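One structure is given here, and the rest of the page talks about it.
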Amino acid sequence: MDRRSFIKKAGLATGAAAATTLAAPAIAQDVTEIKMVTSWPKNFPGLGTAPENFAKAINAASDGRYQVKVFAGGELVHPLKCNDAVQDGTAEMYHSADYYYQGKTKAYAFFTAVPFGFRPDEIDAWIHHGGGQALWDEVGAQFGVKHLVGGNSGSQMGGWFRKPVTTLEDFKGIKMRIPGLGGDVVNALGGTSVTLAGSEILPALQSGTVDAAEWVGPWNDLAFGFYKVTKHYHYPGFHEPGSMLSFGMNKGLWDGMSDADKAMFSHVAAGINNMTLAEFNANNTQALDTLLNKHGVELHEFSDELYKAFGEAAKDVLATAGASDAISGKVYESFLDFRKKALRWSDLSDRGYMNKRALTDFG
């Protein structure tokens, strides 16, 4: 064997050996297999179907070059450990809510929802046209993750309580399942927040581990059957006015993609983001009717006094989060700046129209 042939063959062998040791997607015959872990039960309405729809769309749009396999929460990793799974190579992608990972940096909370924060259209505007995506990329880069929008559940309800909550005194000592910075508000009001995966909430309510819980809204809350424990359903939620979900991808996988493939993943994610919000809006009304008329659920509106207290506590909570580290500070300042702009327009447009629309009854 001549020297040139030996070097060529040795190089190929070395490359093949290195490829087998990398924590990377399985690639065979130009097919890239991607494991996606999620925080949701299999095919759970909206939340669980969004990653399944994403996988189908990517598989079809790539003509089979990418094969995305979805794992429900708990199948491969714990529902609240998805970000870790992508970091450590257990999976290449996740679908989750990034405020579950605010223990890494408080900045993550702003990319799901924060108390008195953005509605769905406003957070989309911030992400796509207000500098939000660049900041999200900066946050994710610290953990080797590239983030894409992954859906929105819309305005959330205030939660399920064993007895009606009417005063601030009612929050003192209460144990409530509520993650993110909304949980910090409950703590500030004298309660104790508990972060649980969705599938863990009903057992916790039934056992008395928590006294109250928020999840999403009528469609998802009906599916989990919280009405079996308590009939007291409060609104409106202060903590998640428009909760954006996230597709998190291994940054090495993303960086190695062609521009065409990056565009494909980005646009499919944006489509899922819009379709998921539409699905929630289409199903919440009927689900609410079922809760009220079939299961005897009672609606309770938070008083203005309570809501003002939520707001004052939220201001301090958000400011504290912004001061927790450098990247959280950048995200917080961007959030505040864009929130002012969004409020000026939404007050004139959305709120203005909705108030006038209510003047005429169409029956």
Side-chain angles (χ1 to χ4, degrees), residues 37-48 50-51 71-85 94-104 106 108-109 111-115 150-151 153 156-163 165 170-171 173-235 237-240 243-246 248 280 291 297 310 317 321:
V37 293
T38 76
S39 295
W40 331 116
K42 193 74 171 178
N43 289 319
F44 191 75
L47 301 177
F71 294 85
E75 281 189 336
L76 194 58
V77 299
H78 187 276
L80 305 186
K81 297 292 185 180
C82 296
N83 185 285
D84 291 327
Y94 72 73
H95 187 255
S96 186
D98 277 348
Y99 65 3
Y100 289 145
Y101 314 114
Q102 69 173 33
K104 299 175 184 294
K106 290 289 187 180
Y108 261 140
F111 297 102
T112 300
V114 297
S153 60
Q156 297 203 357
M157 292 289 280
W160 299 82
F161 295 78
R162 292 192 179 276
K163 60 181 181 179
V165 171
D170 295 328
F171 268 92
I174 200 169
K175 290 181 296 182
M176 183 175 183
R177 184 276 175 188
I178 177 170
L181 298 185
D184 291 348
V185 171
V186 169
N187 295 338
L189 296 177
T192 301
S193 65
V194 180
T195 298
L196 298 170
S199 59
E200 298 170 334
I201 300 174
L202 182 60
L205 279 171
Q206 290 172 324
S207 67
T209 302
V210 296
D211 308 305
E214 65 77 38
W215 175 228
V216 182
W219 188 33
N220 279 182
D221 292 6
L222 173 64
F224 267 146
F226 301 139
Y227 62 85
K228 298 173 184 176
V229 179
T230 177
K231 304 296 184 183
H232 301 297
Y233 200 21
H234 289 62
Y235 77 98
F238 69 88
H239 56 301
E240 297 186 41
S243 303
M244 184 179 69
L245 307 172
S246 169
F280 273 96
L291 287 169
V297 168
F310 295 155
V317 163

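Not measured: the values here are computed from a predicted model.
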Find out whether [X] and [Y] are in side-chain contact, i.e. whether some heavy atom of one side chain is under 4.5 Å from a heavy atom of the other.
| X | Y | result |
| --- | --- | --- |
| Met157 | Asn220 | no |
| Ile201 | Trp160 | no |
| Thr230 | Phe161 | no |
| Phe280 | Leu47 | yes |
| Val114 | Tyr99 | no |
| Tyr100 | Pro79 | no |
| Asp221 | Glu214 | no |
| Pro51 | Tyr94 | no |

Rounded to the nearest 0.5 Å, what separates atom [atom1] in [X] from atom [atom2] in [Y]?
| X | Y | atom1 | atom2 | value |
| --- | --- | --- | --- | --- |
| Leu196 | Arg177 | CG | CZ | 6.5 Å |
| Leu202 | Lys228 | CG | NZ | 7.0 Å |
| Glu200 | Leu205 | CD | CG | 12.0 Å |
| Ser39 | Lys81 | OG | NZ | 11.5 Å |

Please step through side-chain contact (heavy atoms from CB on, under 4.5 Å) for the pair Val229 and Arg162, ending with a clear verdict.
CA-CA 8 Å; Val229 179; Arg162 292 192 179 276; 3.7 Å; yes
Centroid-centroid distance, Tyr101 to Phe111, less than 6.0 Å:
no
Can you confirm if the aromatic rings of Phe224 and Phe44 lie within a centre distance of less than 6.0 Å?
yes
Which heavy atom of [X] sits nearest a heavy atom of [Y], and at what distance?
| X | Y | value |
| --- | --- | --- |
| Lys163 | His232 | CA-CD2, 3.7 Å |
| Ala72 | Thr38 | CA-OG1, 3.5 Å |
| Asp98 | Ser246 | OD2-OG, 3.2 Å |
| Ala97 | Thr112 | C-OG1, 3.6 Å |
| Ala197 | Leu80 | N-CD1, 3.9 Å |
| Thr192 | Val186 | N-CG1, 4.1 Å |

Relative to each other, are the rings of Trp40 and His95 parallel, tilted or perpendicular (30° and 60° limits)?
perpendicular
Checking Asn187 against Ser193 for the side-chain hydrogen bond (donor to acceptor under 3.5 Å, both in side chains) test, could you report, in this order, the C-alpha distance in whole Å, the side-chain angles of both residues, the deciding distance, and whether it holds?
CA-CA 6 Å; Asn187 295 338; Ser193 65; 3.2 Å; yes
Can you give me every donor-acceptor pair (side chain of residues 178-185, partner residue at least two apart or in another chain, under 3.5 Å) with its distance?
unit_1 : atom_1 : unit_2 : atom_2 : d
Asp184 : OD2    : Lys106 : NZ     : 3.2

Side chain to side chain contact (heavy atoms under 4.5 Å, CB included) with Thr209: which residues, sequence neighbours excluded?
Ala204, Ser207
Show, in sequence, the C-alpha distance, side-chain angles and deciding distance for Tyr227 and Leu222, and conclude whether the side-chain contact (heavy atoms from CB on, under 4.5 Å) test is met.
CA-CA 7 Å; Tyr227 62 85; Leu222 173 64; 3.8 Å; yes
Is a side-chain donor or acceptor of Asn43 paired with a backbone partner of Gly48 at a separation under 3.5 angstrom?
no
